[in-house]
2 protein chains.
Amino acid sequence: MSEDINFEDYTSSHCGIELTLSVMGGKWKPLILWFLIKKGTKRYGEIRRFIPTVTNKMLSQQLKELVNDGLVSRKDYKQIPPKVDYSITDKGKSLQPVLDFMCIWGLEQTKTFNKVK
Amino acid sequence: MSEDINFEDYTSSHCGIELTLSVMGGKWKPLILWFLIKKGTKRYGEIRRFIPTVTNKMLSQQLKELVNDGLVSRKDYKQIPPKVDYSITDKGKSLQPVLDFMCIWGLEQTKTFNKVK
DNA sequence: CTGTATCCCCCTTGATACTG
DNA sequence: CAGTATCAAGGGGGATACAG
C-alpha cells in the first residue's frame, strides 16, 4: 500500500490554492470583497455602482455564492421599496491580506509601467 | 470641470485588483506560479504532471501569457528531443505573498471544515 | 430598489490528433 | 518531449424585460 506513495503524488490539489480560488476566484468576487472590507456595509446599488461593468445577473449571482460560502452576510430590511445590504463576515475578512496585496501590487505595476513608458 | 468630480468616480478600476487579476487570474496561473516559486525551474512535463487536470492547450497558452507578462521566463535548449524549462522571474516572485497566503488559507479552511464535520 | 427571467452569443476550455 | 491544429461543446456572461 505505502509503496505506491511517492512524491509524484503531490499535485496541485494538495496546496490549498484551488480551494481558495473556488471561493474567491473569478472576475468579480475579489472586487466585491475588497469593497465591503474597505468601505463597510453596503447596499446592492452601491456595490453595483462601484463596479460599473457588472450586470445585475452577475452581481446577484456572485453575492449569492459569497453568502453561501460564508464570506458575506446579507440583511434584508423587508421594506417596500426593497432595502438590502451586505457586510463582510469574519471569514471574509480573513481574506483581507490577499486583497490588500492584490490591490497594492496592481497599483505598483501601473506606476512602474508609466515610468518605463 | 472639477465640479464634475466626486467620490462616486472612485470605481473598481482604480483599486489595482483588476490589473493584478488580468495578469495572474484564472484557474491555472496561480498554480503554475506557485509551483515555480516553490520548486524552482521546471520542465514543461513536470508542470503538467503537477497539475494533472490541465490540458496541453491550456498549459502552453497560460505559460505563453505568463512569459509575455514577464512573470515567467522560458529557456529552450534547442535539442532533439526538445527540452524547455520555465523559471519564475523577479516580477513573478513579487507575487509570492499572495500565492503563499492563498495556499495557507485553503489548507486552513480544509482543517476547519474537517473539524466541524 | 433589488433583484429574476429569458434569450442568446461568443469565448474559454476540452478532446483528440498530429508534428518537429 | 514539447508543443500545435482542429473541431466540438458548455457555460460564463451580456442585453433586455419585468416583477414585488
Side-chain angles (χ1 to χ4, degrees), chain A residues 8 11-13 17-18 21-33 35-36 39-69 71-88, chain B residues 8 11-13 17-18 21-33 35-36 39-69 71-88:
Chain A
E8 294 294 318
T11 60
S12 55
S13 60
I17 290 182
E18 290 181 351
L21 287 176
S22 75
V23 143
M24 62 150 290
K27 196 174 172 181
W28 311 114
K29 285 178 183 174
L31 295 172
I32 298 169
L33 292 170
F35 187 56
L36 294 179
K39 308 293 182 178
T41 301
K42 289 291 176 189
R43 297 184 61 175
Y44 182 85
E46 294 178 300
I47 304 174
R48 193 148 153 52
R49 257 169 278 129
F50 173 65
I51 313 176
T53 52
V54 78
T55 60
N56 274 330
K57 181 184 176 179
M58 289 313 298
L59 182 54
S60 59
Q61 180 186 111
Q62 301 296 302
L63 282 170
K64 210 176 283 181
E65 292 179 14
L66 288 171
V67 170
N68 278 338
D69 289 329
L71 303 183
V72 166
S73 68
R74 184 189 124 111
K75 177 163 187 184
D76 187 339
Y77 289 85
K78 318 255 184 204
Q79 297 176 1
I80 306 284
K83 175 179 176 184
V84 177
D85 60 34
Y86 295 89
S87 322
I88 198 80
Chain B
E8 293 295 318
T11 59
S12 56
S13 60
I17 289 182
E18 290 180 352
L21 287 176
S22 74
V23 144
M24 62 150 291
K27 195 174 173 182
W28 311 113
K29 285 177 182 174
L31 295 172
I32 297 170
L33 292 169
F35 188 55
L36 293 179
K39 308 293 182 176
T41 300
K42 289 292 178 187
R43 298 184 61 176
Y44 182 87
E46 293 177 302
I47 303 173
R48 192 149 155 51
R49 256 169 278 128
F50 174 64
I51 313 175
T53 53
V54 78
T55 61
N56 274 330
K57 182 181 177 180
M58 289 313 298
L59 182 55
S60 58
Q61 180 186 113
Q62 301 294 303
L63 282 170
K64 210 175 284 181
E65 293 179 14
L66 289 171
V67 170
N68 279 337
D69 289 330
L71 303 183
V72 166
S73 69
R74 183 190 125 110
K75 177 164 187 184
D76 187 338
Y77 289 85
K78 318 257 185 202
Q79 296 176 0
I80 306 285
K83 176 178 176 183
V84 177
D85 60 34
Y86 295 88
S87 321
I88 198 82

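As the structure is a prediction and not an experimental result, all values here were calculated from the model. Within every chain, numbering begins at 1; the chains are lettered A, B, ... in the order of the sequence lines, protein sequences first and strands thereafter.
- Within a heavy-atom distance below 4.0 Å of DNA chain D, the residues of residues 77-86 of chain A found are A:P82.
- Of all the residues in residues 56-69 of chain B, B:K57, B:M58 reach under 4.0 Å from DNA chain C with at least one non-hydrogen atom.
- Sorted by first and then second residue, the pairs that involve residues 21-30 of chain A and meet salt bridge (charged side-chain N to carboxylate O under 4.0 Å, His left out), not counting sequence neighbours, are A:K29-A:E65.
- Listed by first and then second residue, the side-chain hydrogen bond (donor to acceptor under 3.5 Å, both in side chains) pairs involving residues 51-63 of chain B are B:Y44-B:N56, B:R48-B:N56 (not counting sequence neighbours).
- Residue B:S13 holds its OG atom at 9.5 Å from CG of A:L31, rounded to the nearest 0.5 Å.
- Partners of A:S22 by side-chain hydrogen bond (donor to acceptor under 3.5 Å, both in side chains), not counting sequence neighbours: none found.
- In terms of the side-chain hydrogen bond (donor to acceptor under 3.5 Å, both in side chains) criterion, residue partners of A:D76 (sequence neighbours excluded) are, by chain and number, A:R74.
- If one axis is set at each end of the helix from C:dC1-D:dG20 to C:dG20-D:dC1 from five pairs, those axes are 50° apart, to 10°.
- Within 4.0 Å (heavy atoms only), B:R43 reaches sugar-phosphate atoms of the nucleic acid but no base atom.
- You'll find the side chain of A:P30 reaches within 4.5 Å of the side chain of B:L21, heavy atoms only.
- Of all non-hydrogen atoms in A:V23 and A:L66, the two that sit nearest each other are O-CD2, 4.0 Å.
- The side-chain heavy atoms of B:I51 and A:T11, taken from C-beta on, include no pair separated by under 4.5 Å.
- Scanning DNA chain C 5' to 3' for nucleotides with an atom closer than 4.0 angstrom to a non-hydrogen atom of chain B gives a first and last hit of C:dT13 to C:dG20.
- For the atom pair CZ of B:R43 and NZ of B:K75, the computed distance is 12.5 Å after rounding to the nearest 0.5 Å.
- Running 5' to 3' along DNA chain D, contacts with non-hydrogen atoms of chain B at under 4.0 Å begin and end at D:dC1 to D:dC7.
- With sequence neighbours left out, A:K42 forms a side-chain contact (heavy atoms from CB on, under 4.5 Å) with A:F35, A:L36, A:K39, A:E46, A:I47.
- Annotation: side chain of A:V84 is not in contact with side chain of A:Y77 (no heavy-atom distance under 4.5 Å).
- Contacts of B:S12 classified as side-chain hydrogen bond (donor to acceptor under 3.5 Å, both in side chains), with partners at least two apart in sequence or in another chain: B:E18.
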